[in-house]
Structure formats: structure tokens, C-alpha cells
Amino acid sequence: MSCGEPHEMECSEVLDHLYEFLDREMPAGDRAKFEVHIDECSPCLEKYGLEQAVKKLVKRCCGHDDVPSDLRSKVMSRIELIRSGQVVPEREATAWPAPAGPEAPAGPAAAESAAPGSTGSAAAPAAAQE
């Protein structure tokens with residue numbers, strides 16, 4: 001995204017680091033550049049306001065839940081992989097629990113069970129023997 005106006009910081013750089021700014025995890029010098037940019041750039045100001053509102057809503061609704069201590073580092077690692085264009089290893093990509101029911105996304109396991117001549121999942125024969 002770019003508003004088309006010249007700024008010391010590019011809009012894309014501002015948006016890439018918006019949560020660091022919102023979470024006050026940014027060095028003071030960079031914070032000052034962000035503030036100047038947001039004051040000058042209405043599209044970035046709008047995005048900042050939206051993200052700030054979302055953060056407040058999440059805090060209000062979920063602020064009392066315990067979060068695993070390593071969650072932030074896992075999420076940040078995943079974000080860096082995606083930003084760098086690296087493919088997420090298959091083992092990690094399937095480590096998240098899949099939603100149950102018809103709305104579950106079709107993944108590699110679903111493709112295997114839907115293949116012509118396939119008998120379904122590997123667990124089916126074991127269940128049939130019981």
C-alpha cells in the first residue's frame with residue numbers, strides 16, 4: 001500500500017511494523033518516524049486506527065485468558081517465514097488442530113481419501129475390525 005505521497009518511511013514499512021508500534025516494542029527513534037508518517041498519511045492513519053480498535057476489542061474480550069509462554073515466539077517465527085517467502089514445513093503446518101465438521105478445509109489427508117480407488121483414512125480398517 002502506498003498513498004502516493006513522499007514520506008521518510010514507506011507506507012509498506014509502516015504497515016509491516018504497525019503492531020510493534022501499537023505494542024510499544026519499537027525503539028524511540030523509530031516510534032518518532034512512525035508518528036510523523038501517521039500524522040501525514042491518512043491511509044496509514046486509518047489502518048492504524050482500525051488495528052488499534054481491534055487490539056482494544058481483543059484485550060477486552062480475551063484479556064483474561066492465560067497464554068502459553070512460547071506462543072509469541074512461535075507466532076513471530078511463523079510470520080517471519082511467511083514474510084520471507086519460505087514454505088512452512090509440512091509437519092508444522094499440520095500441527096494445528098483441524099476444525100471438525102463439513103467446514104473443515106481440504107488438506108493433503110482429504111485429497112488422499114478422495115483419490116479414486118481410495119478406501120478413506122488409514123484409521124477406517126482398524127475401526128472396522130472392532
More than 12 foreign heavy atoms under 6.0 Å from [atom1] of [X]: is that the case here?
{"X": "Lys74", "atom1": "NZ", "result": "no"}
{"X": "Arg24", "atom1": "CZ", "result": "no"}
{"X": "Glu35", "atom1": "CD", "result": "yes"}

Within this structure, what is the [atom1]-[atom2] distance for the pair [X] and [Y], rounded to the nearest 0.5 Å?
{"X": "Met26", "Y": "Arg31", "atom1": "CE", "atom2": "CZ", "answer": "7.5 Å"}
{"X": "Asp16", "Y": "Cys11", "atom1": "CG", "atom2": "SG", "answer": "11.0 Å"}
{"X": "Asp70", "Y": "Ser77", "atom1": "CG", "atom2": "OG", "answer": "10.0 Å"}
{"X": "Ile38", "Y": "Lys47", "atom1": "CD1", "atom2": "NZ", "answer": "12.0 Å"}
{"X": "Leu57", "Y": "Lys59", "atom1": "CG", "atom2": "NZ", "answer": "12.5 Å"}
{"X": "Leu18", "Y": "Asp23", "atom1": "CG", "atom2": "CG", "answer": "9.0 Å"}

Trace of the side-chain contact (heavy atoms from CB on, under 4.5 Å) decision for Asp30 with His17: CA-CA 10 Å; Asp30 291 341; His17 298 282; over 6 Å; no

Under-4.0 Å salt bridge between Arg72 and Glu25: yes

Joint hydrophobic cluster, Ile79 plus Leu71, side-chain heavy atoms closer than 4.5 Å: yes

Geometric class of the Phe34/Phe21 ring pair [parallel <30°, tilted 30-60°, perpendicular >60°]: parallel

Audit row: Met9, Val36, side-chain contact (heavy atoms from CB on, under 4.5 Å) steps and yes/no: CA-CA 9 Å; Met9 294 182 78; Val36 167; over 6 Å; no

